[in-house]
Peer 1: 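Right, I'll just put the structure down here and ask away after.
Along the sequence shown, residues are numbered consecutively beginning with 1.
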Amino acid sequence: MKKWISPAKLNLFLYITGQREDKYHNLQTLFQFVDFYDELTFLNRTDNKIHLVTPFEKVIHDENLIIKAAKLLLEFAQTHRINLPRYYGVDIEIIKRLPMGGGLGGGSSNAATTLVALNYIWNLNLSCQQLMELGKKLGSDVAIFIYGHSAFAQGVGDKLQSITVPEKWYLIVKPNINIATVSIFSHPDLKRDSVTRNINQLLNAPFKNDCEPIVRKLYPIIDALITWLSSYAPTRLTGTGACVFSECDSFQQAQQLQNRLNDQGLFTDLYTSFIAKGCNRSLLYRAI
């Protein structure tokens, strides 16, 4: 039984350069994948129904991005008269590791993996670009997971330029809170006027996240974690949080930092953490 990988991403930097008339924000961000992931399995049904077998707490079945992605792809195939198999129904199971509300792109990644997997299983032969266009209807981050390579992103995060950056090790810490992206992007104190720069300028400047100051102000645990971790390694917020990540040169360094954090007992029962390696090529496509 084939398991389809649905990896996490980090925003190595994130700058907000303005707000558009449609209320979305123009961004400049650097995406990199890590080798920490959910796993999805797709099992054929003979009644042509699409069902998510694994329940998600506080997420209605039909509102889950996995189901939305599957139905969107099915609708596209039917509208464009693309031949589907006689039985295209599917039971979808997921081993969920990526925390929800963590800024790691878990829901977007799940949607992207669903589009890629069912495109293969149903033999639709849609191109990567076609799948990315479908993915954008589900969320701005879905496209990067279909794209499958570290990228410099602009616009609302959908204009992608492939880039290769060092594959560092990261200690990723998830406080026991969830942060709704909309609550940060709609906050009146959010910085929205970063200067637009080219990729070479950005790569040669200190990496920052424009969402971090307001998130640290609103969530003291995140402020405390970043302050403490930054004394040992460069540490930033990813996306709108809640996860923070510390950049390390080796697994051993990341493990030592994790042990040091746990031994301090400063934030006992307030967070979970894991170690992951940066990947310029998504593990989804490595597996394929």
Peer 1: Are the aromatic ring centres of Tyr147 and Phe31 under 6.0 angstrom apart?
Peer 2: no
Peer 1: Could you tell me how the ring of His25 sits relative to the ring of Phe185: parallel (under 30°), tilted (30 to 60°) or perpendicular (over 60°)?
Peer 2: tilted
Peer 1: Within a strict 4.5 Å, meaning less than it, do heavy atoms of the Tyr15 and Arg197 side chains meet?
Peer 2: yes
Peer 1: Which atoms form the tightest heavy-atom contact between Ile92 and Ile50, and what is the distance?
Peer 2: CD1-CG2, 4.3 Å
Peer 1: Mind checking whether Ile66 and Phe76 sit in one hydrophobic cluster, side chains of I, L, V, M, F, W, Y counted as touching below 4.5 Å?
Peer 2: yes
Peer 1: Please round to the nearest 0.5 Å and tell me the distance separating atom CD of Gln28 and atom NZ of Lys159.
Peer 2: 11.0 Å
Peer 1: Do Trp169 and Asp249 pass the side-chain contact (heavy atoms from CB on, under 4.5 Å) test, and can you show the C-alpha distance, the side-chain angles, and the key distance before you say yes or no?
Peer 2: CA-CA 6 Å; Trp169 286 90; Asp249 293 323; over 6 Å; no
Peer 1: Quick one: are Gln253 and Leu171 in side-chain contact, heavy atoms under 4.5 Å?
Peer 2: no
Peer 1: Any non-hydrogen side-chain atom of Lys136 less than 4.5 Å from a side-chain atom of Glu133?
Peer 2: yes
Peer 1: With side-chain hydrogen bond (donor to acceptor under 3.5 Å, both in side chains) as the criterion, how do Thr46 and Arg86 come out once you've worked through the C-alpha distance, each side chain's angles and the decisive distance to 0.1 Å?
Peer 2: CA-CA 9 Å; Thr46 57; Arg86 180 180 179 186; over 6 Å; no
Peer 1: Charged N to carboxylate O below 4.0 Å: is that the case for Asp193 and Lys191?
Peer 2: yes
Peer 1: Tell me if a side-chain donor or acceptor on Asn26 pairs with a main-chain N or O of Gly18 at a distance below 3.5 Å.
Peer 2: no
Peer 1: Is the backbone N or O of Tyr37 less than 3.5 Å from a side-chain atom of Arg97, with the two atoms forming a donor-acceptor pair by type?
Peer 2: yes
Peer 1: Indicate the atoms forming the closest heavy-atom contact of Trp4 with Ala117, along with that distance.
Peer 2: CD2-CB, 3.5 Å
Peer 1: Evaluate the side-chain hydrogen bond (donor to acceptor under 3.5 Å, both in side chains) criterion for residues Thr29 and Asn11: first the C-alpha distance (whole Å), next the side-chain angles of each, then the deciding distance (0.1 Å), finally the verdict.
Peer 2: CA-CA 6 Å; Thr29 189; Asn11 296 87; 2.9 Å; yes
Peer 1: So does Asn198 get a backbone contact from the side chain of Gln201, meaning a donor-acceptor N/O pair under 3.5 Å?
Peer 2: yes
Peer 1: Would you say Ile222 and Ile177 make side-chain contact, with heavy atoms under 4.5 Å?
Peer 2: yes
Peer 1: Do Leu52 and Leu65 share a hydrophobic cluster, counting only Ile, Leu, Val, Met, Phe, Trp and Tyr and linking them when any side-chain heavy atoms are less than 4.5 Å apart?
Peer 2: yes
Peer 1: Is there a donor in the side chain of Gln258 and an acceptor in the side chain of Ser273, or the other way round, less than 3.5 Å apart?
Peer 2: yes
Peer 1: Keeping Thr54 on the side-chain end and Ile94 on the backbone end, is there a donor-acceptor pair under 3.5 Å?
Peer 2: yes
Peer 1: What are the two closest heavy atoms between Ile95 and Lys3, and how far apart are they?
Peer 2: CD1-NZ, 4.1 Å
Peer 1: Set out, in order, the CA-CA distance, both residues' side-chain angles and the distance that settles side-chain contact (heavy atoms from CB on, under 4.5 Å) for Leu124 and Leu84, then state yes or no.
Peer 2: CA-CA 7 Å; Leu124 302 181; Leu84 285 157; 3.8 Å; yes
Peer 1: Any chance you could lay out the side-chain contact (heavy atoms from CB on, under 4.5 Å) test for Ile82 and Leu126, step after step, and finish with the verdict?
Peer 2: CA-CA 10 Å; Ile82 301 173; Leu126 300 187; 3.7 Å; yes
Peer 1: Give a yes or no on whether a salt bridge exists between Lys71 and Asp62, defined as a side-chain N under 4.0 angstrom from a carboxylate O.
Peer 2: yes
Peer 1: Among His51, Lys49, Arg45, find the one that has a side chain to side chain donor-acceptor pair (under 3.5 Å) with Asp91.
Peer 2: Arg45
Peer 1: Look up atom OG in Ser186 and atom CD in Gln19, then write down how far apart they are to the nearest 0.5 Å.
Peer 2: 9.5 Å
Peer 1: Quick check: are there more than 12 heavy atoms from other residues, nucleotides or ligands sitting under 6.0 Å from CZ of Arg20?
Peer 2: yes
Peer 1: Answer yes if Leu270 and Leu257 sit in the same cluster of Ile, Leu, Val, Met, Phe, Trp and Tyr residues linked by side chain heavy atoms under 4.5 Å apart, and no otherwise.
Peer 2: yes
Peer 1: What closest approach, in Å, do Ile67 and His61 show between heavy atoms, and which atom pair accounts for it?
Peer 2: CG1-O, 3.5 Å
Peer 1: Could you tell me if the side chain of Leu229 sits less than 4.5 Å from the side chain of Val173, heavy atoms only?
Peer 2: yes
Peer 1: Assess the residue pair Thr17 and Val195 against the criterion (side-chain contact (heavy atoms from CB on, under 4.5 Å)); give the C-alpha distance rounded to whole Å, side-chain angles, the decisive distance to 0.1 Å, and a yes or no.
Peer 2: CA-CA 6 Å; Thr17 58; Val195 176; over 6 Å; no
Peer 1: Enter the distance from Ile172:CD1 to Ile275:CD1 here, rounded to the nearest 0.5 Å.
Peer 2: 10.0 Å
Peer 1: Supply the atom-to-atom distance Thr235 OG1 to Glu212 CD, rounded to the nearest 0.5 angstrom.
Peer 2: 9.0 Å
Peer 1: Of all the heavy-atom pairs spanning Gly239 and Lys9, show the shortest one and how long it is.
Peer 2: CA-NZ, 4.4 Å
Peer 1: Is it the case that over 12 heavy atoms from other parts of the model lie below 6.0 angstrom from the NZ atom of Lys277?
Peer 2: yes
Peer 1: Does the side chain of Thr181 come under 3.5 Å of the side chain of Thr240 through a donor N or O and an acceptor N or O?
Peer 2: yes
Peer 1: Using 0.5 Å steps for rounding, measure from the CG atom of Asp223 to the CG atom of Leu218.
Peer 2: 11.0 Å
Peer 1: Just wondering, are more than 12 heavy atoms of other shown residues or ligands nearer than 6.0 Å to CD in Glu75?
Peer 2: no
Peer 1: Under 3.5 Å, is there a donor-acceptor pair between the side chain of His187 and the main chain of Asp189?
Peer 2: yes
Peer 1: Would you say Phe42 ends up clustered with Leu72 if hydrophobic residues are merged whenever their side chains have heavy atoms under 4.5 Å apart, either directly or through other cluster members?
Peer 2: yes
Peer 1: Would you say that Phe152 contacts Leu202 through its side chain, given a criterion of any heavy-atom pair below 4.5 Å between the two side chains?
Peer 2: yes
Peer 1: List the steps and the verdict of salt bridge (charged side-chain N to carboxylate O under 4.0 Å, His left out) for Arg192 and Asp210.
Peer 2: CA-CA 8 Å; Arg192 296 179 170 88; Asp210 282 344; over 6 Å; no
Peer 1: Compare every heavy atom of Arg216 with every heavy atom of Thr227, then report the nearest pair and how far apart it is.
Peer 2: OG1-NH2, 3.0 Å
Peer 1: Would Arg236 and Phe13 count as a cation-pi pair here, with the cationic atom under 6.0 angstrom from the ring centre and within 45° of the axis?
Peer 2: no
Peer 1: Distance-only check: which donor-acceptor pairs under 3.5 Å involve side-chain atoms of residues 100-116, not counting sequence neighbours?
Peer 2:
residue	atom	partner	partner atom	Å
Ser109	OG	Ser6	OG	2.7
Ser109	OG	Pro7	O	2.7
Asn110	OD1	Lys96	NZ	3.0
Asn110	ND2	Ser6	OG	2.8
Asn110	ND2	Asp38	OD2	3.1
Asn110	ND2	Gly106	O	3.3
Thr113	OG1	Ile5	O	2.9
Thr113	OG1	Ser109	O	3.2
Thr114	OG1	Asn110	O	2.8

Peer 1: Return the CG to CG distance between Leu73 and Leu134, rounded to the nearest 0.5 Å.
Peer 2: 6.5 Å
Peer 1: Once the angle between the rings of Phe36 and Phe274 is folded into 0 to 90°, is it parallel (under 30°), tilted (30 to 60°) or perpendicular (over 60°)?
Peer 2: parallel
Peer 1: Does Gln32 reach the side chain of Asn280, with side-chain heavy atoms less than 4.5 Å apart?
Peer 2: yes
Peer 1: Between Trp122 (side chain only) and Tyr88 (backbone N and O only), is there a donor and an acceptor less than 3.5 Å apart?
Peer 2: yes
Peer 1: Do Tyr170 and Thr238 have side-chain heavy atoms sitting under 4.5 Å apart?
Peer 2: no
Peer 1: Report yes or no: do Ile179 and Leu10 belong to one cluster of Ile/Leu/Val/Met/Phe/Trp/Tyr joined by side chain heavy-atom distances under 4.5 Å?
Peer 2: no
